[in-house]
There are 2 protein chains.
Amino acid sequence: MSGSDQLSAVFSALADPTRRAILAELADRDATVTELTAPLPISMPAVSRHLKALERAGLISRTRSGKLRMSRIEAAPLREAAEWIERYRRLWDTSLTRLDAHLAAVQAAGRATDQTAHDPAIPDRKSPDKAHDKEN
Amino acid sequence: MSGSDQLSAVFSALADPTRRAILAELADRDATVTELTAPLPISMPAVSRHLKALERAGLISRTRSGKLRMSRIEAAPLREAAEWIERYRRLWDTSLTRLDAHLAAVQAAGRATDQTAHDPAIPDRKSPDKAHDKEN
DNA sequence: ACTACATTTAACGTGTTGGTTAAGTGACTG
DNA sequence: CAGTCACTTAACCAACACGTTAAATGTAGT
């Protein structure tokens with residue numbers, strides 16, 4: 001299961017610090033392979049392969065101009081990735097999560113006529129909206 | 001360079017569709033390994049290892065309760081990941097990018113000494129704000 | 001103590017990743 | 001047309017990821 005879908009490719013590309021560094025570089029300006037290699041501690045073939053991975057993820061595009069090959073950032077796929085992550089935004093806020101847990105605790109307490117936690121080790125949370133699909 | 005930093009671990013965890021499915025499941029409610037395995041087409045040991053990866057990335061926490069082990073989503077690291085991606089938000093909009101490219105082309109045309117590309121086929125872009133650090 | 005259940009660890013196969021160096025390709029240059 | 005520059009591809013290697021089945025671990029119930 002080598003994650004051949006778009007989202008997997010994007011996250012996979014982003015998982016490598018070198019590739020993130022390359023993207024950061026390309027956010028400022030288009031660059032050649034040589035230029036991208038310069039600040040990095042790895043060989044040019046290695047960079048070339050990183051660029052191939054980024055291209056496969058749709059995160060860059062490349063155009064040949066003479067003997068130079070320019071890489072340009074193509075940030076659109078990042079949007080998709082960000083949107084996937086955004087689905088969990090409500091869970092980022094700890095207080096919200098705790099409120100959620102609290103509501104679940106109260107609800108459970110209502111069933112048991114006991115206000116204290118039923119099982120303190122595993123307070124169950126109940127999600128307010130179930131608008132999640134399992135996967136995409 | 002197996003990406004041992006936090007951000008790499010998070011993106012790496014997110015790169016796997018199965019792990020994203022597990023996170024989607026856990027967004028709704030805490031669950032045991034058995035519960036998480038049920039809808040998946042893989043064995044329980046495989047799921048157990050995925051959970052280990054998610055835990056390593058800080059995306060879930062686990063508590064033992066009797067013979068059950070509950071997994072709970074811990075979405076805070078997602079915030080960090082989203083924030084990293086957000087740095088490229090301005091590049092998502094194609095029209096913005098094209099305007100940027102145009103401005104850079106004009107600027108490059110006014111410049112004579114240039115060791116980077118000045119090929120008209122590949123207009124170099126210059127970012128309006130350079131508030132990017134190379135890597136974190 | 002024996003048994004059942006939930007989960008992890010071990011051992012293994014296989015594919016992928018990320019690096020290397022050396023050789024190949026394509027475009028400009030003298 | 002030979003040489004050089006910019007890059008890619010090939011061949012190789014070590015490490016890791018992801019799956020399996022079988023065995024080990026830990027907890028609960030009888």
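Side chains are part of it too, since the values below use all heavy atoms of this structure and drop only hydrogens, waters and symmetry mates. Just so we're on the same page: letters track the sequence lines, and every chain starts at 1.
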Report the distance from atom CG of A:L54 to atom P of C:dT17, rounded to the nearest whole Å.
13 Å
Could you tell me how far apart B:L40 (CG) and C:dT7 (P) are, to the nearest whole angstrom?
14 Å
Quick one: is A:R49 getting a side-chain N or O under 4.0 Å of the C:dT20 phosphate, OP1 or OP2?
no
Tell me whether the OP1 or OP2 atom of D:dC7 has a side-chain N or O from A:T32 closer than 4.0 Å.
yes
Where do A:D16 and B:F11 land on the side chain to side chain contact (heavy atoms under 4.5 Å, CB included) test, with the steps shown first?
CA-CA 8 Å; A:D16 187 294; B:F11 280 133; over 6 Å; no
Could you check how far CE of A:M44 sits from P of C:dT25, rounded to whole Å?
19 Å
Rounded to whole angstrom units, what separation is found between the CZ atom of A:R56 and the P atom of C:dT16?
10 Å
Rounded to whole angstroms, how far apart are CE on A:M70 and C1' on D:dT8?
18 Å
Scan nucleotides 25-30 of chain D nucleotide by nucleotide, 5' to 3', and note B when protein non-hydrogen atoms come under 4.0 Å of the base, S if they reach only the sugar-phosphate, - if neither.
--SS--
Interatomic distance, B:I42 CD1 vs D:dC18 P [rounded to whole Å]:
10 Å
Backbone of A:S12 reached by a side-chain donor or acceptor of A:R19 within 3.5 Å
yes
If you compare every side-chain N and O of B:S43 against the phosphate oxygens of D:dT20 (OP1, OP2), does one of them come in below 4.0 Å?
yes
Separation of B:E25 CD from B:E35 CD (nearest 0.5 Å):
8.5 Å
Considering only side-chain heavy atoms of A:L68, which listed nucleotide, D:dT20, D:dC12, D:dC7, is closest?
D:dC7
Pairwise side-chain contact, B:R72 with B:L26, heavy-atom cut-off 4.5 Å (strictly under):
no
If we ignore hydrogens and angles and just use 3.5 Å, is the side chain of B:T37 paired with the main-chain N or O of B:V33 as donor and acceptor?
yes
Please give, in whole Å, the distance from D:dA6 P to A:L51 CG?
16 Å
Nearest of C:dT8, C:dT20, D:dG19 to any side-chain atom of B:A46?
D:dG19
With the side chain of A:P45 defined as its heavy atoms from C-beta on, choose the nearest nucleotide among D:dA22, D:dT9, C:dG18.
D:dT9
With a 4.0 Å limit, can you tell me whether A:R62 has a side-chain N or O closer than that to the phosphate oxygens OP1/OP2 of D:dT8?
yes
Charged N-O contact under 4.0 Å between B:R62 and B:D30:
no
A:D16 CG to C:dG19 C1', in whole Å, measures 11 Å
Quick check: are there more than 12 heavy atoms from other residues, nucleotides or ligands sitting under 6.0 Å from CZ of A:R79?
no
Would you tell me if any nitrogen or oxygen in the side chain of A:S48 comes within less than 4.0 Å of OP1 or OP2 on D:dC7?
no
Does the pair A:K52 and A:E55 meet the rule for a salt bridge (charged side-chain N to carboxylate O under 4.0 Å, His left out), with working shown?
CA-CA 5 Å; A:K52 205 157 124 186; A:E55 194 174 29; over 6 Å; no
Is any side-chain nitrogen or oxygen of A:R69 closer than 4.0 Å to OP1 or OP2 of D:dT8?
yes
Would you say a side-chain N or O of A:H50 is under 4.0 Å from OP1 or OP2 of C:dG19?
yes
Minimum-distance nucleotide to A:R19 side chain [options: C:dT17, C:dG18, D:dG19]
C:dG18
